[in-house]
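Below you'll find the structure, written out as structure tokens, and then a few comments.
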Amino acid sequence: MKTTNTAAGAWSIRRLHAVDDAQIDALADVLIDCVEGGASVSFMLPLTRDRARAFWRRVADGVARGERALLVAEDAQGICGTVQLILDLPENQPHRADLAKMLVRRRVRRQGLGAALMRAAEAMALECGRTLLVLDAVTGGDAERLYGHLGWQRVGAIPRYALMPDGEPCSTTYFYRDLAPHTGAQKA
Ligand SMILES: CC(C)(COP(=O)(O)OP(=O)(O)OC[C@H]1O[C@@H](n2cnc3c(N)ncnc32)[C@H](O)[C@@H]1OP(=O)(O)O)[C@@H](O)C(=O)NCCC(=O)NCCS
């Protein structure tokens with residue numbers, strides 16, 4: 001667990017190996033807050049608590065089966081951020097994970113939590129034996145800018161890939177991050 005103090009407060013980031021009902025509720029709150037704030041993260045408005053809870057119950061099942069690795073950030077008011085790695089990939093990609101559902105509550109944004117979650121997710125990937133990470137983000141959004149600053153490699157954008165929560169089509173940009181130490185002797 002890593003604790004960080006900022007001018008605005010303090011948070012700690014930890015991995016959940018099991019997700020209880022209270023944590024599912026808190027994660028549903030984070031998801032709803034992000035979608036109501038206009039984030040394109042799989043869901044359309046209005047996002048009911050039932051749908052948000054159902055999503056996190058499926059994530060909790062995946063965590064229990066070892067198919068997902070989940071991080072949460074907590075401050076004095078509870079869970080304020082999260083990110084996860086999807087580990088359940090085809091057998092010819094044992095070194096890879098997809099990074100998904102990077103979510104920070106609006107009340108704690110722009111204090112470095114997104115960057116801290118990303119670094120923690122990269123460290124967790126290495127602990128899981130995964131050295132190649134892939135993600136996608138809305139083109140031109142806050143997340144795309146952050147990932148570029150954090151050293152993720154931009155691959156390209158796909159127009160009309162998804163919808164914003166209000167129904168507006170949006171383009172998605174794919175990124176990857178190679179965490180493997182390169183010796184120059186690796187095969188392509
Ligand atoms: C994308 C997201 C996770 C970023 O979270 P965050 O906690 O605000 O991220 P950070 O604080 O690390 O960085 C955000 C910006 O604040 C800046 N920042 C960090 N600490 C700061 C501080 N103390 N003072 C001022 N600015 C600061 C960063 O440099 C960064 O700047 P940039 O916009 O120029 O890149 C958040 O906006 C979010 O949850 N969005 C909705 C959900 C979403 O779209 N998720 C992505 C799915 S791919």
Side-chain angles (χ1 to χ4, degrees), residues 2-15 23 26-47 51-52 55-56 58-59 62 68-87 96-125 132-177:
K2 184 168 187 294
T3 302
T4 303
N5 291 291
T6 69
W11 64 68
S12 59
I13 295 175
R14 66 184 170 119
R15 181 173 176 181
Q23 288 162 336
L27 287 162
D29 287 341
V30 175
L31 178 62
I32 291 169
D33 181 65
C34 288
V35 173
E36 289 183 346
S40 175
V41 284
S42 308
F43 294 93
M44 304 300 290
L45 284 169
L47 175 56
R51 270 166 55 229
F55 168 76
W56 286 107
R58 287 194 298 277
V59 172
R68 288 175 186 248
L70 177 67
L71 291 176
V72 295
E74 293 161 304
D75 67 5
Q77 296 180 55
I79 294 179
C80 53
T82 182
V83 67
Q84 55 190 277
L85 295 176
I86 299 173
L87 306 169
R96 205 173 74 67
D98 288 326
L99 188 142
K101 293 292 175 293
M102 159 78 104
L103 305 169
V104 170
R105 284 198 82 124
R106 285 175 286 181
R107 67 176 171 78
V108 289
R109 284 193 194 157
R110 303 194 67 81
Q111 299 171 32
L113 179 52
L117 279 166
M118 206 58 161
R119 292 301 180 224
E122 291 170 2
M124 180 170 69
L132 181 64
L133 304 180
V134 175
L135 65 76
D136 66 89
V138 171
T139 306
D142 292 343
E144 185 196 6
R145 200 171 49 247
L146 177 66
Y147 303 151
H149 290 163
L150 292 176
W152 282 63
Q153 189 68 41
R154 198 178 267 100
V155 180
I158 304 175
R160 292 190 312 106
Y161 186 88
L163 300 178
M164 300 301 287
D166 63 1
E168 189 70 22
C170 62
S171 161
T172 285
T173 299
Y174 269 81
F175 286 85
Y176 73 90
R177 181 138 170 93

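In each ligand, atom 1 is the first atom listed, and ligand 1 is the first ligand listed.
- Judged by distance alone, with hydrogens and angles left aside, the side-chain atoms of Arg51 form a donor-acceptor pair with the main-chain N or O of Pro46 at under 3.5 Å.
- Protein heavy atoms all stay at least 4.0 Å away from atom 2 (C) of ligand 1.
- For the pair Val104 and ligand 1, the shortest N or O to N or O distance falls below 3.5 Å.
- Of the possible donor and acceptor atoms, none in the side chain of Thr82 sits under 3.5 Å from a partner among the backbone N and O of Val72.
- For atom 4 (C) of ligand 1, the nearest protein heavy atom (residue, atom name, distance) is Leu146 CD2, 3.9 Å.
- The backbone N or O of Val138 sits nowhere less than 3.5 Å from a side-chain atom of Thr172 that would complete a donor-acceptor pair.
- Near Ala143, meaning under 4.0 Å from one of its heavy atoms, ligand 1 places the atoms 1 (C), 46 (C).
- Between Asp75 and Arg107 there is a salt bridge, since a side-chain N of the basic residue sits under 4.0 Å from a carboxylate O of the acidic one.
- In summary, the atoms of ligand 1 found under 4.0 Å from a heavy atom of Gly114, numbered by their order in the structure, are 5 (O), 6 (P), 7 (O), 9 (O), 10 (P), 12 (O).
- Compare Arg109, Arg106, Met102 by their heavy atoms: the one nearest to atom 41 (C) of ligand 1 is in Arg109.
- Nearest non-hydrogen protein atom to atom 32 (P) of ligand 1 is Arg145 NE, 3.4 Å.
- Using a 4.5 Å cut-off on side-chain heavy atoms (C-beta onward), Arg109 and Cys34 make contact.
- Put simply, atom 28 (C) of ligand 1 has no protein non-hydrogen atoms near it, under 4.0 Å away.
- Judged by distance alone, with hydrogens and angles left aside, the side-chain atoms of Arg154 form no donor-acceptor pair with the main-chain N or O of Gly148 at under 3.5 Å.
- Atoms of ligand 1 found under 4.0 Å from any heavy atom of Leu113 (numbered from 1 in listed order, with element): 7 (O), 11 (O), 12 (O).
- Checked against a 3.5 angstrom limit, the closest N/O atoms of Tyr147 and ligand 1 fall outside it.
- Residue Gly112 approaches ligand 1 through these ligand atoms, each under 4.0 Å from one of its heavy atoms: 10 (P), 11 (O), 12 (O), 19 (C), 20 (N).
- Counting all heavy atoms, side chain and backbone alike, Ala157 lies closest to Thr173 at CB-OG1, 3.8 Å.
- Within the listing of ligand 1, atoms 12 (O) sit less than 4.0 angstrom from a heavy atom of Ala115.
- Using a 4.5 Å heavy-atom threshold, the side chains of Met118 and Leu146 count as separate.
- Look at Asp136 and you'll find a heavy atom under 4.0 Å from some atom of ligand 1.
- Shown in contact with Ala39 at under 4.0 Å from a heavy atom are these atoms of ligand 1, numbered in order with element: 41 (C), 42 (C), 44 (O).
- Distances from atom 30 (C) of ligand 1 to the heavy atoms of Arg110, Lys101, Arg105, Gln111 show the closest one on Arg110.
- Closest non-hydrogen pair, Val41 versus Lys101, comes out as O-CE, 3.3 Å.
- Not a single donor-acceptor pair under 3.5 Å links the side chain of Trp152 to the backbone N or O of Phe175.
- The nearest heavy-atom contact from the protein to atom 35 (O) of ligand 1 is His149 ND1, 3.1 Å.
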